[in-house]
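In what follows, a structure is listed as structure tokens, so that the remarks can point back to it.
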Amino acid sequence: MRLAALLVIATTGVLTAVVPGSPGTAAGLPYQDPSLPVATRVGDLLTRMSLDDKVGQMTQTERGVTTPADVTSYRIGSILSGGGSAPASNTATGWADMYDAYQRGALAAPLQIPMMYGIDAVHGNNNVLGSTIFPHNIGLGATRDPALVQNIGRATAEEVTGAGQDWTFAPCVCVARNDRWGRTYESFGENPELVTAMTTVVTGLQGQRLDGPASVLATAKHYLGDGGTTGGTDQGNTAISEAELRAIHLPPFRAAVQRGVGSVMVSFSSFNGAKLHGNKYLITDVLKGELGFTGFVVSDWAGIDQLDGQRGFTQAEVATAVNAGLDMLMVPENWRTFVGYLRAAVQSGQIPMSRIDDANRRILTKKFELGLFERPYADRSYAATIGSTAHRTLARQAVRESQVLLKNAGGILPLAKSGGKIFVAGRSADDIGNQSGGWTLSWQGASGNTVPGTSILAGIRAAAGSGTTVTYAKDGSGIDSSYRAAIAVLGETPYAEGQGDRPGSMSLDATDLATLNRLRATGVPVIVVLVSGRPLDIAAQLGGWTALVAAWLPGSEGAGVADVLFGDYAPTGKLPMTWMQSASQQPINDDDGKTPLFPYGYGLTY
Ligand code: GLC
């Protein structure tokens, strides 16, 4: 039992004796007594917090520029890993050790308020090497299976817990309306009802209780209208009526709030020219008031820097964002400046203390509900779930259900498993990095065999019986007319956020077209498996293809694609996005009067 009497000079100048107990014991102060209601504990703790304590709780910094000693000195409330920001040892132990080091820093401060660690576990715990990489949301939307998605949330929560973290910046509940947007694949679909149905993932992540085994805090993001920008420009402007904003983009947030989502992340985008990060009406009046959201609102990555259109941020921007209703500010790098601005803004009266207290109350409530005051350190008992057989089996089932069969001339699919020769080609046939897409081990993801798993080619080889010869050449060279079928696995290489915006062509590139021409020249039937984060402009080529399967971004378990190609699973996937006839039709969505190549909800089976 570590009992130390600490004298804390509160900002009021009053000497306050703080005699904390060890974390999780009732021997300490009321806020450390788990038998008391959370509201009581929060109320007691708030009375003991200095302005510096409160400012610190509202500050989220990036691991790369933060030490455990910083957490102690500045009372930092949360640390994050940006995409790909991992400890030197990218293992469950390496992550958990890092988490615990930061937590010890937090508990070394007088009030011993635990910190929270946020990470983008958006399709599995994708920053952690060896984790199960689930299909990205666009594929999960194609499954039309909310129960499956809840189970994926549960599995993800276990793999997040096993690495020590307690908060994921997921799910993205954006409603992607223009497929040119680089984040289309992070959306469950273009239809608000479909995205709303998939908020089951929140329940999977958070469990029935936030302090339940392996429960992690979820984040509904990005509030509000990020998928509706003009031209599909990432971080652009959503120029629609409030009625349209409410009808199309708000329902999934309402559903997530009803499911008790613990945090909401604000969008970089603007609504009719006004940055969301400064929109008090939408954040405070609508989200917190009308929807009754009682969790906390977190900014996006340095989102406050964008408020005045100038580089960097100012005290005025800090005040605007906090007064608009942001409770925690993701200030990845120059957080010391932020701390000074926030403190000064309160001391100058730009931000009322009531707003600071409300933000702290929201943040602390989630920390108490997560059980962090009782169990502040990493729960390493879930480390074995990371990349487990059970999770990979679940992911493979999700891959199966996400495949959308768009063309099947002559019933060439399902392919017979034995006999003859099958040729496999394409840039994404033997490339787990391509089939996983962005937010995989790094922010942008990368081509190559970046993570453990099964490539689509390996799945094909395993599914085809010993009586079948499977030949692979990435560019299709070597094929001749002796093959009974050619499978071309191609499409997009990984990207994330604005780097994936496609304001121009949405067609296959020259490399893919050359591969397809080489295959088609032999007269062998060509089955195209499209690995992409969105519908592509393929109408001009479709006539030359015998079959077409939209595989989306299936993740580490590529065998699920072969399960469909060879009939171990008859395709059930349905388009989550309307499929354009040409890029000139973008945006094109269900019931907008335009004639698509394939309509929303389309999908064949055997
Ligand atoms: C990024 C994304 C957001 C992510 C955050 C932290 O810029 O917009 O989705 O959660 O930063 O990585």
Side-chain angles (χ1 to χ4, degrees), residues 82-83 120 122 137-138 169-190 192 195 219-254 256 263-288 291 293 297-311 313 317 320-321 324-326 328-332 438-439 443 495-503 533-534 577 586-587 589:
D120 291 281
V122 296
N137 287 351
I138 192 169
F169 306 129
C172 182
V173 290
C174 49
V175 182
R177 303 290 287 174
N178 189 318
D179 304 344
R180 292 181 180 282
W181 188 33
R183 308 194 75 163
T184 295
Y185 68 79
E186 296 185 63
S187 172
F188 290 107
E190 69 182 36
V195 179
T219 309
K221 72 183 185 181
H222 309 82
Y223 188 84
L224 179 64
D226 53 345
T229 62
T230 303
T233 304
D234 186 44
Q235 305 189 14
N237 184 41
T238 302
I240 58 178
S241 68
E242 181 175 340
E244 285 173 289
L245 185 75
R246 285 175 170 272
I248 296 169
H249 300 282
L250 193 59
F253 285 93
R254 186 187 306 276
S263 66
V264 168
M265 185 183 290
V266 176
S267 176
F268 283 121
S269 57
S270 300
F271 175 52
N272 293 327
K275 280 284 179 185
L276 263 298
H277 274 72
N279 196 315
K280 182 171 184 179
Y281 168 66
L282 289 175
I283 297 171
T284 298
D285 300 346
V286 175
L287 177 63
K288 294 182 175 179
L291 269 57
F293 176 59
V297 177
V298 63
S299 76
D300 202 336
W301 181 280
I304 56 177
D305 295 13
Q306 298 184 7
L307 281 175
D308 64 3
Q310 308 299 318
R311 283 184 56 78
F313 61 90
E317 285 176 309
T320 298
L326 276 98
M328 184 182 288
L329 287 306
M330 185 186 295
V331 188
W439 297 103
W443 176 41
Y495 53 81
E497 302 192 41
Q499 297 188 36
D501 285 1
R502 291 187 72 166
R534 63 189 121 202
M577 308 283 185
Q586 291 297 341
N589 295 291

Of K221, M265, Q235, which is the lone residue that meets side chain to side chain contact (heavy atoms under 4.5 Å, CB included) with D300?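 Checked K221, M265, Q235 against D300; only one passes side chain to side chain contact (heavy atoms under 4.5 Å, CB included): M265.
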
Can you spot which of N237, L224, I240 makes a side chain to side chain contact (heavy atoms under 4.5 Å, CB included) with F271?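 By the side chain to side chain contact (heavy atoms under 4.5 Å, CB included) criterion, F271 pairs with just one of N237, L224, I240: I240.
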
Kindly compute the distance separating [atom1] ([X]) from [atom2] ([Y]), expressed to the nearest 0.5 Å.
{"X": "T320", "Y": "K275", "atom1": "OG1", "atom2": "NZ", "answer": "14.0 Å"}
{"X": "F253", "Y": "R246", "atom1": "CZ", "atom2": "CZ", "answer": "13.5 Å"}
{"X": "M577", "Y": "F188", "atom1": "CE", "atom2": "CZ", "answer": "11.0 Å"}
{"X": "C174", "Y": "E190", "atom1": "SG", "atom2": "CD", "answer": "12.5 Å"}

So, does [X] use its side chain to make a donor-acceptor pair with the main chain of [Y] at under 3.5 Å?
{"X": "S187", "Y": "G189", "value": "yes"}
{"X": "D501", "Y": "D234", "value": "yes"}
{"X": "T238", "Y": "G225", "value": "yes"}
{"X": "R534", "Y": "R180", "value": "yes"}
{"X": "T229", "Y": "G236", "value": "no"}

I want to check something: taking the side chain as every heavy atom from C-beta on, are [X] and [Y] in contact at a cut-off of under 4.5 Å?
{"X": "L250", "Y": "Y223", "value": "yes"}
{"X": "V122", "Y": "C172", "value": "no"}
{"X": "L282", "Y": "L287", "value": "no"}
{"X": "W443", "Y": "E497", "value": "yes"}
{"X": "Y281", "Y": "E242", "value": "yes"}
{"X": "H249", "Y": "R177", "value": "yes"}

